[in-house]
Structure formats: C-alpha cells, structure tokens
Amino acid sequence: MAAGYTVYDTMAHRARITLDVIPGARARIGAIRVFDEPMPEAPRRLSDATVLRLLDVRVGDWYSEHALADAQRDLYQSDLFRRVEVRLAPDSAQPKVDSLVTIDVSLAENFVRQVDTEVGWAVLDCFKGRALVVDKNFLGEARRLELTAQISKVGHAENTRFADGKLCASDMSQDPFSSRVNYFVGSTFRLPTLFGLRGSPAISMYSERRGEYQAFLRTTVVGGEASLTRELRHELPLRLAYSLEFGRTDAQPALLCAVFNRCDSESRALLTGRNRPLAVASAHVDRLRTDNPLNPRSGTTLRLDLRGAGKEIGSDEDLQFIKGLADGSYYRPVSRGVTFAARLRLGSVRGRTFSDSVGFVPPEERLYAGGAASVRGFQQNELGDLIYIAEDEPVDSVASVGDTVYFGLSSDRLRRVVPVGGNSLLVANLELRMRSFFYPELIQYTAFLDGGNVWQRSRRVGDTGPSISNLFLKGLRWTPGLGVRVFTPVGPFQANVGYNPYRRPAGAIFYDKAPNAQGFAPLYCVSPGNQIPAVKLANGEYEQLSGSSCPATYTPPESRTFFSRLTFTFSIGPDF
C-alpha cells in the first residue's frame with residue numbers, strides 16, 4: 001500500500017489523501033538491508049548488526065506497515081540518526097507469488113555526544129538549573145550513557161539565598177522544606193537489547209534531595225534502579241523496574257501526630273530519624289493515541305502505575321506499601337478552533353505495617369491533590385483535610401494536681417497549613433480549549449471545571465471524607481475557572497484562576513516549638529477543647545502525653561469576599 005496527499009486549501013487547512021493498494025498474499029520479511037550514511041569526514045560508527053538489534057522487526061516476522069512505522073520511530077528516538085527511513089524495497093512492491101519481501105533501512109548518522117544545559121525560575125523552586133551529558137554510543141553497539149545533575153531552591157535555601165529571597169515566590173517562605181537546596185546527581189546506562197530480547201534494559205545510580213510543597217523532604221544518600229521497557233503491542237509500552245534506596249524522609253511533625261498518632265518526639269524519630277532501605281518494585285503502562293503530544297485535539301491517553309514495597313524484596317519492615325494510580329484523558333474537537341478535553345485520575349495506597357487499620361505509608365507515597373496540574377481551585381496539595389500550625393505561643397492552665405498542664409490557643413493567627421493528603425484520591429477535569437483569534441498557533445484560552453477529593457480510608461482526620469454513596473453528589477470539591485496557555489520553546493506556559501466556593505475544613509491545630517539547645521522540639525496540640533495533658537520533663541520543658549488524638553475542632557478564620565475565593569496557579573508543561 002502506498003499513500004500520497006495533495007494540499008488544495010491552505011487557508012482552511014485541508015488536503016486530499018489518496019491510497020494505492022497492491023493486493024497479494026500475506027508476506028513475511030525475508031531480508032533487511034541497511035544503507036548507512038556516516039557524518040561528513042567521519043568513519044561509520046554503527047555496524048549493520050547494531051542497527052538490526054535496534055530494530056523491532058526481524059527476518060521471519062509477518063510484514064506489517066505498523067511494524068515498519070514503529071521501527072522507524074524507535075530508530076529516531078535513539079537520537080543516533082539525523083534521517084531514518086524504513087520502507088518496503090522497490091523490487092518487493094510488485095504483485096508476485098513469492099511471500100517473502102525485502103525491507104530497506106536508510107540512515108544518516110547523527111552526533112553521538114551531546115551536552116544540554118538549562119536554567120529557569122519556577123514558583124515553588126525559585127532559581128533552578130540542569131545539565132545533561134550523553135554519550136549515545138558508549139563502548140559501541142548503541143549503548144547509551146547519561147550523566148545528569150540538577151539543582152533547585154537557589155535564592156531561597158540556606159547558603160544560596162541572595163537579595164533576601166525577594167526574587168523567589170512568597171509561597172516558599174510558608175514551606176519548611178524549601179530551606180534546603182534540592183539536588184539530583186545520577187547516571188543511567190541503557191542497552192538497546194538484552195540477550196536478544198525485544199526490550200530495552202537500563203541501570204541507574206543516583207543521589208538526591210527532593211521536597212513536596214509543605215508535605216515532605218526526601219533525602220536519598222544513594223539509590224539504584226534496574227528497569228526493562230518493552231512494547232507489548234503497537235503503542236503499548238510496559239516498563240518494569242526495581243529500585244533500592246538508602247535514605248530518609250522528613251515530614252511535618254503535625255502530620256505524623258494527626259494521621260499516625262506519633263505525637264511524641266521519640267516515636268516520630270522512629271519513623272524519620274534515620275536512614276533506612278526502601279525497595280520498590282513497579283510496573284508502568286502507557287497507551288498514548290493522540291494527534292499531538294503537547295496540544296492534542298483528538299485521541300485518548302491511558303496511564304497505569306502499580307508500586308509496591310516489602311521486606312521480602314529488601315525494604316525496611318516499617319516501609320511497606322502497595323500503591324496504584326490510573327490516569328485517563330479524552331480529547332475531541334468541537335469546532336475548528338475549540339477542543340473538549342476530559343481527564344479522570346484515581347489512586348489508592350495501603351500500608352502494610354503497624355497494627356492499626358490505616359497502616360503507615362511513607363509521606364512521599366501518600367496521595368495529594370490541588371494545584372496547577374490537578375484541581376486548580378486549590379493551591380498545591382491543599383485539597384482534602386488540613387492541619388494547622390499556630391503562629392503564637394499557646395496559653396496553659398495548671399491542673400489542680402501535680403505539674404500537669406493543658407495547652408490552648410492564645411489567638412487565631414495561623415503560621416501555615418499542613419496538607420494531610422490521604423490514601424485515596426479522585427480527580428476529574430473538564431476543559432474547553434479555544435484558540436486565540438489573533439494568534440491561534442501561539443495563544444489558547446481555557447474554560448475549566450475541576451473536581452476531586454483526597455481522603456483517608458478507615459480514619460477521620462478532619463472533615464468527613466467522601467463515601468461511595470455520596471462521592472459524586474457532594475463528596476467532590478468542584479471549582480470552575482479560566483486560563484490562558486502560551487506555547488513556548490520549552491513547553492506551554494499556563495496561567496489559571498479558579499473559583500473556590502469552599503471554606504477551609506475544620507482540623508487539628510498544633511504549635512511547634514523551636515528546638516532548644518539540646519535539640520528538643522516539642523509539638524503541642526492546641527485545638528479548642530482538647531484534654532491532652534502535658535507533663536514537665538527533667539529538662540524543664542513540657543511534653544504532651546501520647547495516646548490521645550488531637551481533635552479536629554479548629555475552624556480557621558477566613559475572608560469570604562469574591563476576590564478572596566480566587567486561586568491563581570502557574571505552570572510550564574501540559575496540564576494533563
């Protein structure tokens with residue numbers, strides 16, 4: 001079969017397509033010929049055998065146009081070639097009885113070494129930078145070596161702050177985990193195939209520190225990952241991986257207290273006070289069928305993720321969980337300049353440790369929602385239950401017996417909120433994307449309706465989470481809004497404003513006292529009506545007794561004017 005097209009109306013973006021079909025018997029591939037053009041004044045770097053290993057077709061396979069298109073795409077994605085053409089040989093395109101055909105692979109080699117650098121600024125990262133060094137033919141036979149280094153929080157974090165941090169977003173001052181530089185240093189070694197299998201294995205080694213806004217800070221002293229990627233069928237790649245990290249995760253003490261009842265400093269230190277191994281086995285499937293990866297007008301996408309950690313595969317006995325995520329999107333043109341887009345995201349995670357019904361889940365594996373790529377009527381990670389940190393020192397009253405005191409609020413002033421996240425997530429997005437009349441290829445306007453919720457199964461932390469019976473009627477938080485998208489060389493830049501009609505939920509409120517000279521930093525529940533006694537320690541400080549939950553009886557004061565209900569979010573890259 002051969003195809004051709006003729007453009008006959010450039011103003012209306014229309015073309016006429018013709019298909020020429022040559023009937024015949026079903027054929028197999030009898031031979032594959034390679035025609036390789038090296039770089040000017042350079043020797044040929046890739047042998048015929050190496051090129052054939054990169055192909056996803058073999059001699060003896062059934063002939064398929066899809067298979068040739070996939071093979072051409074795979075060769076392009078290796079970045080080893082400036083030009084690639086995989087086609088049926090001219091002498092095989094004639095009707096004949098012979099069921100064997102010949103495939104011609106025409107190539108023009110590319111540079112095998114590459115250095116990329118980038119610098120930028122982001123709302124939650126301030127100044128950041130990244131450097132990538134790639135050898136696409138390391139040790140020959142299309143083996144690939146990548147060296148990566150990146151850094152963020154520059155300008156705000158300690159030892160990098162300049163201009164008093166005024167060049168960074170004010171939101172960063174509310175995040176206790178932005179006070180340290182985030183970094184990543186790693187190397188990845190990729191093989192085109194392994195033992196002749198139709199898959200691409202890779203081995204990575206890395207060290208990193210990364211934070212999630214107001215949620216956690218993960219520091220990996222050293223980590224490694226082994227993975228294998230192969231295509232199950234046309235446009236359906238499967239990635240299997242095993243990773244082993246040695247590191248620690250710092251979470252806000254109020255989160256550990258409210259969700260897992262680890263309220264005293266000793267029990268919190270058992271979870272976050274030392275480096276421990278975390279071993280994770282994962283599987284990821286992508287099904288992408290859209291007409292454009294950055295700005296699709298038609299098609300569907302489906303992503304499935306399954307992750308699990310257990311002591312059977314090398315993880316610490318307190319770091320065991322099972323996690324699943326499903327994400328699907330749908331795009332359909334409504335008119336020439338308008339596209340309808342929809343997404344549904346579902347997630348669930350369950351811990352496998354401790355005797356309680358919730359189970360401890362590492363903070364970096366908990367589910368969060370809210371922000372530019374989620375429900376845009378809420379700020380980053382602030383959908384669902386919240387915990388609050390008081391600004392002012394609490395008041396105390398001495399009990400009638402002994403040195404026992406009870407702490408309470410001295411004012412309603414807040415220092416910050418702590419996202420709780422959860423072990424269950426549902427997010428839905430509906431959009432109408434409209435091209436600008438003046439610059440249709442550059443600017444796009446968006447009207448959206450986002451809905452979702454994050455909640456904790458088996459335990460109430462703040463407001464009542466959604467149940468199956470009321471999930472779609474009143475369990476989700478729906479926020480409408482408008483946005484503008486500008487397409488840039490580094491991806492689409494988006495500015496959105498969402499309308500949030502909901503009050504912040506009632507929740508527990510704590511006061512986290514600054515560490516003393518010995519590093520002792522107590523956490524006090526100061527929720528109205530709490531009856532948690534605090535006793536005086538030998539160092540003269542008070543610490544509340546463990547075993548009691550901090551009640552979710554605090555309702556934060558808020559201004560409910562129209563403008564106070566608007567939420568502004570910014571991002572670079574596709575929203576979904």
Side-chain angles (χ1 to χ4, degrees), residues 124 153 156-158 171-180 182 209-219 247-274 318-319 349 351 358 360-371 378-394 407 409 413-423 454-456 459 461-462 504-515 519-527 530 532 543-544 546 549-552 554 556:
L124 298 179
K153 312 291 186 181
H156 176 81
E158 298 172 357
D171 290 347
M172 295 185 68
S173 62
Q174 305 299 317
D175 180 23
F177 303 120
S178 290
S179 61
R180 304 183 69 185
N182 284 199
R209 181 190 295 138
R210 59 182 174 88
E212 182 65 29
Y213 182 67
Q214 293 193 358
F216 64 83
L217 181 69
R218 174 69 180 173
T219 302
R248 57 183 288 179
T249 302
D250 295 317
Q252 298 211 32
L255 173 67
L256 299 177
C257 179
V259 179
F260 300 109
N261 281 338
R262 274 32 181 201
C263 297
D264 60 281
S265 56
E266 183 177 348
S267 62
R268 294 198 305 268
L270 292 176
L271 300 181
T272 62
R274 60 185 176 90
D318 288 335
L319 300 178
V349 60
V358 177
F360 176 72
V361 175
E364 70 271 21
E365 299 293 342
R366 289 178 63 80
L367 301 171
Y368 299 90
F378 291 82
Q379 290 293 357
Q380 188 74 19
N381 299 331
E382 291 190 7
L383 179 61
D385 287 323
L386 298 174
I387 300 169
Y388 304 96
I389 303 298
E391 176 66 34
D392 300 316
E393 287 196 21
F407 289 107
L409 282 174
R413 294 203 307 163
L414 289 179
R415 185 188 311 165
R416 65 177 184 269
V417 301
V418 178
V420 171
N423 54 26
V454 181
W455 66 97
Q456 187 82 11
R459 174 175 293 172
V461 178
R504 279 181 169 170
I509 183 169
F510 295 84
Y511 178 77
D512 52 352
K513 192 170 182 179
F520 180 73
L523 178 75
Y524 300 136
C525 170
V526 292
S527 292
N530 84 85
I532 305 176
E543 184 169 56
Q544 288 180 324
S546 60
S549 298
C550 190
Y554 173 76

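Remember, predicted model here, so these are calculated numbers, not experimental data.
- Summarising the geometry, atom CZ belonging to R504 is positioned 10.5 Å from atom CZ belonging to F378; distances are rounded to the nearest 0.5 Å.
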Output, in order, the C-alpha distance, side-chain angles, deciding distance and verdict of salt bridge (charged side-chain N to carboxylate O under 4.0 Å, His left out) for R416 and D512.
-> CA-CA 11 Å; R416 65 177 184 269; D512 52 352; 3.1 Å; yes

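- Scanning all heavy atoms of the two residues, the minimum distance from N182 to K153 falls at OD1-CE, 3.7 Å.
- The closest side-chain heavy-atom distance from R209 to L217 is below 4.5 Å.
- Residues G370 and L383 come closest through the heavy atom pair N-CB, 4.2 Å.
- Between Y524 and F407, the ring planes lie parallel to each other; the angle is under 30°, not in the 30° to 60° tilted range.
- For the pair V361/L367, no side-chain contact is recorded, criterion being any heavy-atom separation below 4.5 Å from C-beta on.
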Run the numbers on I387 and Q252 for side chain to side chain contact (heavy atoms under 4.5 Å, CB included), then give the verdict.
-> CA-CA 10 Å; I387 300 169; Q252 298 211 32; over 6 Å; no

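- Q214 pairs with exactly one of E382, Q379, Q380 by the side chain to side chain contact (heavy atoms under 4.5 Å, CB included) rule, that one being E382.
- Between P394 and Y511, the shortest heavy-atom distance links the atoms CD-CD2, 3.5 Å.
- Taking all atoms of both residues into account, the shortest heavy-atom contact from A254 to F510 is CB-CD1, 3.7 Å.
- Residues F216 and R366 form no side-chain contact, since every pair of their non-hydrogen atoms from C-beta on lies 4.5 Å or further apart.
- Between C257 and C525, the gamma sulfurs sit at a distance of 2.5 angstrom or greater.
- Judged purely by atom type and a 3.5 angstrom limit, S527 has no side-chain atom pairing as donor or acceptor with the backbone of C550.
- To the nearest 0.5 angstrom, R413 atom CZ is 4.0 Å from D392 atom CG.
- In terms of heavy atoms, P419 sits closest to L255 at O-CD1, 4.1 Å.
- Side-chain contact annotation: N381 with E212, donor-acceptor N/O pair under 3.5 Å present.
- Atom NE2 of H156 and atom OG of S178 lie 5.0 Å apart (nearest 0.5 Å).
- The structure places CG of L386 at 10.5 Å from CG of L414, a figure rounded to the nearest 0.5 Å.
- With rounding to the nearest 0.5 angstrom, the CG atom of L523 is 9.5 Å from the CG atom of L256.
- In this structure, Y213 and D171 approach most closely via the heavy-atom pair OH-O, 3.3 Å.
- Salt bridge absent: E364 and R210 never bring a charged side-chain N and a carboxylate O closer than 4.0 Å.
- Residues T219 and R248 have side chains that never bring a donor and an acceptor to within less than 3.5 angstrom of each other.
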